[in-house]
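First up is the structure itself, then whatever we jot down about it.
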Amino acid sequence: MSAHDAPAEQEKAVPPSLGAWFERDGRWLERLLSRNLRLPSAEVEDIAQDTWLRIARMAPEEVTHPRAFLSRIALNLFRDRRRREKLRQEKSHLLAANDITPLGPERLQEQEADQLLEQLIVDLPQNLRDVFLLSRFRRMTNHDIAEHLGISVKTVEWRMSKAMEHCMTKLRG
């Protein structure tokens with residue numbers, strides 16, 4: 001009988017202490033993880049250590065099938081690690097997608113145009129700016145703007161034409 005094949009009574013025997021259990025099944029657990037999950041040795045050691053730490057928090061004498069119990073804990077730890085790793089990767093991909101958006105020439109031109117428009121609007125005199133913003137960004141009609149500002153429709157039209165004229169002058173010069 002090889003060391004790999006454990007007698008049936010050894011699998012069913014409850015270890016007298018955690019130390020004895022570790023001595024008897026520690027190498028077995030590492031071989032199981034390495035062989036069945038095809039993990040690198042560093043990860044095998046980490047999962048095996050975490051498995052024994054979990055078991056140390058409980059009463060080992062209550063376990064009736066030690067190797068089955070060890071393998072179940074180790075497999076659960078492996079799955080938890082993979083789940084956390086996947087979530088971490090998804091989170092980093094989302095953060096990267098939100099934080100770093102490559103700007104092509106078209107997007108840069110759009111940003112520059114937006115900044116220029118913003119500056120043109122800021123430079124307008126207050127009475128022209130109010131009419132321009134209500135018309136172009138709130139999409140209000142001249143009649144609605146006149147009512148909102150308490151001025152005539154003709155004044156709204158005049159201010160709108162002056163605002164457009166002001167913007168065109170700035171764009172040309």
Side-chain angles (χ1 to χ4, degrees), residues 22 26-58 68-173:
F22 177 77
R27 302 302 294 149
W28 172 86
L29 177 62
E30 289 179 2
R31 282 191 311 273
L32 176 81
L33 293 169
S34 180
R35 185 182 61 242
N36 289 357
L37 300 177
R38 302 188 196 299
L39 299 173
S41 60
E43 194 169 359
V44 166
E45 291 170 11
D46 287 347
I47 292 175
Q49 181 180 6
D50 290 346
T51 301
W52 291 109
L53 288 172
R54 283 254 174 108
I55 291 171
R57 292 186 220 134
M58 52 190 8
F69 191 68
L70 278 173
S71 62
R72 174 55 48 204
I73 290 175
L75 183 60
N76 287 342
L77 287 168
F78 169 76
R79 287 179 179 154
D80 289 346
R81 280 173 167 250
R82 289 298 183 258
R83 236 180 269 124
R84 280 192 307 273
E85 188 177 294
K86 185 178 178 183
L87 286 172
R88 205 174 11 256
Q89 286 175 348
E90 288 173 359
K91 184 178 178 182
S92 68
H93 288 310
L94 285 174
L95 290 174
N98 288 334
D99 289 344
I100 304 170
T101 305
L103 297 178
E106 303 84 26
R107 185 66 185 127
L108 285 173
Q109 288 174 346
E110 286 177 30
Q111 280 186 339
E112 289 171 359
D114 288 347
Q115 289 174 346
L116 178 60
L117 177 61
E118 186 178 333
Q119 191 57 51
L120 288 171
I121 293 170
V122 168
D123 289 345
L124 285 171
Q126 183 69 42
N127 60 350
L128 303 181
R129 186 177 338 134
D130 292 344
V131 170
F132 185 85
L133 290 172
L134 292 172
S135 173
R136 296 298 185 239
F137 293 97
R138 289 216 183 150
R139 307 223 184 272
M140 293 173 74
T141 65
N142 287 350
H143 178 76
D144 292 337
I145 294 169
E147 206 171 276
H148 181 75
L149 295 176
I151 57 177
S152 70
V153 174
K154 284 286 188 195
T155 303
V156 170
E157 291 169 355
W158 181 86
R159 288 181 182 177
M160 193 61 196
S161 70
K162 287 294 181 189
M164 296 297 288
E165 184 181 307
H166 180 76
C167 289
M168 293 303 292
T169 303
K170 291 281 188 179
L171 285 173
R172 288 188 190 124

Heavy-atom nearest pair, R129 first then V122, reads NH2-O, 3.5 Å
Nearest heavy-atom contact between H166 and D123 is NE2-O, 3.6 Å
Take atom CD in E118; do more than 12 heavy atoms of anything else shown fall under 6.0 Å from it?
no
Using the rule given for side chain to side chain contact (heavy atoms under 4.5 Å, CB included), can you reason through M160 versus M164, listing the C-alpha separation, both sets of side-chain angles and the distance that settles it, and then say yes or no?
CA-CA 6 Å; M160 193 61 196; M164 296 297 288; 4.1 Å; yes
Heavy-atom nearest pair, M140 first then D144, reads CE-O, 3.7 Å
Do you know the tightest heavy-atom contact between N142 and E157?
ND2-CG, 3.5 Å
In sequence, state the C-alpha distance, the side-chain angles, and the governing distance for E43 and R81, and then conclude on side chain to side chain contact (heavy atoms under 4.5 Å, CB included).
CA-CA 10 Å; E43 194 169 359; R81 280 173 167 250; 4.0 Å; yes
Derivation of the side chain to side chain contact (heavy atoms under 4.5 Å, CB included) call for L149 and L134
CA-CA 10 Å; L149 295 176; L134 292 172; 4.1 Å; yes
If you take all heavy atoms of A74 and L29, which pair is closest and at what distance?
CB-CD1, 3.8 Å
Roughly how far, to the nearest 0.5 Å, is CH2 of W158 from CG of L128?
6.0 Å
Test side chain to side chain contact (heavy atoms under 4.5 Å, CB included) on L133 and L124; report intermediate values, then the result.
CA-CA 11 Å; L133 290 172; L124 285 171; over 6 Å; no
If you define the side chain from C-beta out and look only at heavy atoms, does anything of F69 sit under 4.5 Å from I55?
yes
Over 12 foreign heavy atoms within 6.0 Å of CZ, R82:
yes
Can you name the closest pair of heavy atoms from V153 and H143 and give their distance?
CG2-CA, 4.0 Å
To the nearest 0.5 Å, what is the distance between OG1 (T51) and CD (E30)?
10.0 Å
The reported gap from CD in E110 to CD in E112 (rounded to nearest 0.5 angstrom) is 11.0 Å
Given F132, which partner from the list L120, I121, N127 fulfils the side-chain contact (heavy atoms from CB on, under 4.5 Å) test?
I121
Quick check on side-chain contact (heavy atoms from CB on, under 4.5 Å): which of D130, T141, I145 does S135 satisfy it with?
I145
Side-chain heavy atoms of L75 within contact of L37, under 4.5 Å
yes
